[in-house]
Protein chains: 2
Amino acid sequence: MYQYKYARPALTTDCVVFGLDQDDLKVLLIQRDIQPFEGKWALPGGFIQVGESIDDCARRELEEETGLHDIFLEQLYSYGQPDRDPREHVITVAYYALVNLIEHAPKAATDARNAAWFSLDDLPSLAFDHQTILETARQRLRGKVRYQPVGFELLPEKFTLTQLQKLYEIILEQKIDKRNFRKKVIKLGILIETDEVEQDVAHRAARLYQFDPAHYQQLEKQGINFEL
Amino acid sequence: MYQYKYARPALTTDCVVFGLDQDDLKVLLIQRDIQPFEGKWALPGGFIQVGESIDDCARRELEEETGLHDIFLEQLYSYGQPDRDPREHVITVAYYALVNLIEHAPKAATDARNAAWFSLDDLPSLAFDHQTILETARQRLRGKVRYQPVGFELLPEKFTLTQLQKLYEIILEQKIDKRNFRKKVIKLGILIETDEVEQDVAHRAARLYQFDPAHYQQLEKQGINFEL
DNA sequence: TCAAAAGTGTTCATCTTACACCCATGG
DNA sequence: CCATGGGTGTAAGATGAACACTTTTGA
């Protein structure tokens, strides 16, 4: 037992993990195995330990509950409405993560907890205020994409320009002109054209591209302007 | 005394209050009257109470320590490095606020605590990791100004276009062309030209403008694109 | 040979940038 | 009458938006 002079709220982290699955943006949820909201789907997360930084907590909980590690993770917002947890006052620091779902999907599924990817258009009802958190994360992603490159975290190592365009269309929720999109991303100078093409497609195979990590990181810092 | 099964970090809010004083962006600090860092300058803030939302805590502490209330306040970031407070693990949710310093300056100064405005170029050494928090707030403000109008919170009710331009120059830390700036802000459609002019200036008096609150709030939501 | 997606340029309108002089006022 | 900042327009270049057809490939 730990004693304090004044009452303290509990502190958790929760994480919204976005993954790209073909043409579909998905989010990773776990099914709760304890009260409250037992059996409901929720964002992965858990209590902060004393002596642990918030980032470390988010990463630890994510790995414990979903097996994901070494991924892009960024703080989103902190939520502290006293009634957001029916047990007591719990404050949560929310994060969001971006992963390449093809590489990370199996791990999540084989973990002890019941974890699964859900399409954003087909979400179950969520525990606590996790629906609100998810909505904020989605907005944040939509905002981020306008001033920073994001493809690196969500796409496989080699990808086609059409895949990259689909990613932007999904995040921004709007159609983009193919020619204008290509002109724009190529002018950013972060793409390296490989001499490989798609395999096993029933039509003309598209050329594969990679990101140039140095240029990519530079643009992450200095910012881009990617309007529609 | 309050008892918990597991150890809990303490939880605080801290607030970076920016105020515009003529041609100078300032920040409101308080001088600590208790250990640790007694006598050092710090951001206003304090412990979250159980049952109180984070926003409410930030507003309450701000009013208690500086007298400021009913101001623009937005969550910035949460800091939780275990060693950021020498006493124990304290997690803080940082906010930033924008105020019109001319209207708010006296209140802050007359409060019981020793509170004062400091120019950003002439800061004292700060307690805890408050220097880091302040730096992040400054960056955030610089980012915010590019996609949302900000003048309303920082300027007096009626202001000249030159004042507005100075504000942008201070936040963005760069010179802006007068004619291009005027074209740009006028095209935004959030300014109302009054039929008043500056008083008591030793040169031609500038016309005073106001913000159109409805258009302003609309642009806050839909976003603007204010590059340099 | 058909279906499906890849790949590719031009035009027009808009926006951005650079730039300099006269005006009104108070001291 | 002078010092100080207020106020104003244009031209050239860059950028953004709209738009359609040919090519490649596998089935």
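Residue numbering restarts at 1 for every chain, and letters A, B, ... go by the order of the sequence lines.
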Which part of the nucleic acid, if any, lies within contact of [X], taking any heavy atom under 4.0 Å across all strands shown: a base, the sugar-phosphate backbone alone, or nothing?
{"X": "B/Thr160", "value": "nothing"}
{"X": "A/Arg182", "value": "base"}
{"X": "B/Asp177", "value": "base"}

Step by step, would you call B/Lys184 with B/Glu227 a salt bridge (charged side-chain N to carboxylate O under 4.0 Å, His left out)?
CA-CA 10 Å; B/Lys184 191 151 201 168; B/Glu227 292 299 319; over 6 Å; no
Distance in angstrom units between [X] [atom1] and [N] [atom2], rounded:
{"X": "B/Asn180", "N": "D/dT10", "atom1": "CG", "atom2": "C1'", "answer": "11 Å"}
{"X": "B/Glu193", "N": "D/dT8", "atom1": "CD", "atom2": "P", "answer": "8 Å"}
{"X": "B/Leu188", "N": "C/dC15", "atom1": "CG", "atom2": "P", "answer": "12 Å"}
{"X": "B/Arg179", "N": "D/dA11", "atom1": "CZ", "atom2": "P", "answer": "13 Å"}
{"X": "B/Leu161", "N": "D/dG5", "atom1": "CG", "atom2": "P", "answer": "16 Å"}
{"X": "B/Glu198", "N": "C/dG26", "atom1": "CD", "atom2": "P", "answer": "11 Å"}
{"X": "A/Lys166", "N": "C/dA6", "atom1": "NZ", "atom2": "P", "answer": "7 Å"}
{"X": "B/Gln199", "N": "C/dA24", "atom1": "CD", "atom2": "P", "answer": "18 Å"}

Mark yes or no for a side-chain to base donor-acceptor pair under 3.5 Å between [X] and [N], with no hydrogen or angle criteria applied.
{"X": "B/Arg204", "N": "D/dA3", "result": "no"}
{"X": "B/Lys183", "N": "C/dT14", "result": "no"}
{"X": "B/Lys178", "N": "D/dG7", "result": "yes"}

Ion pair present between B/Arg60 and B/Glu64, side-chain N to carboxylate O less than 4.0 angstrom?
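A salt bridge is present here (some side-chain N lies under 4.0 Å from a carboxylate O).
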Would you call B/Arg140 and B/Glu135 a salt bridge, taking side-chain N to carboxylate O under 4.0 Å as the test?
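Answer for the salt bridge query: no.
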Indicate whether the side chain of B/Thr136 and that of B/Tyr79 have a donor and an acceptor atom separated by less than 3.5 Å.
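Yes.
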Worked check of salt bridge (charged side-chain N to carboxylate O under 4.0 Å, His left out) between A/Glu74 and A/Lys144:
CA-CA 11 Å; A/Glu74 207 167 82; A/Lys144 183 190 181 67; 3.4 Å; yes
Contact nearer the 5' end of DNA chain D, comparing B/Arg207 with A/Ala202:
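Taking each residue's closest nucleotide, the earlier one in sequence belongs to B/Arg207.
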Looking at A/Thr162, I'd like to know whether one of its side-chain N or O atoms comes within less than 4.0 Å of OP1 or OP2 on C/dA6.
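It does, given that an N or O in the side chain of A/Thr162 lies less than 4.0 Å from OP1 or OP2 of C/dA6.
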Taking the nucleotide of DNA chain C with the closest heavy atom to each, which residue, A/Tyr209 or B/Lys187, is nearer the 5' end?
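The 5'-side residue here is A/Tyr209.
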Closest to the A/His203 side chain, choosing from C/dA4, D/dG9, C/dT8
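When the side chain of A/His203 is considered, C/dA4 is the closest of C/dA4, D/dG9, C/dT8.
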Selection from D/dG16, C/dC19, D/dG6 that lies nearest to any side-chain heavy atom of A/Lys184:
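Side chain of A/Lys184 sits closest to D/dG16.
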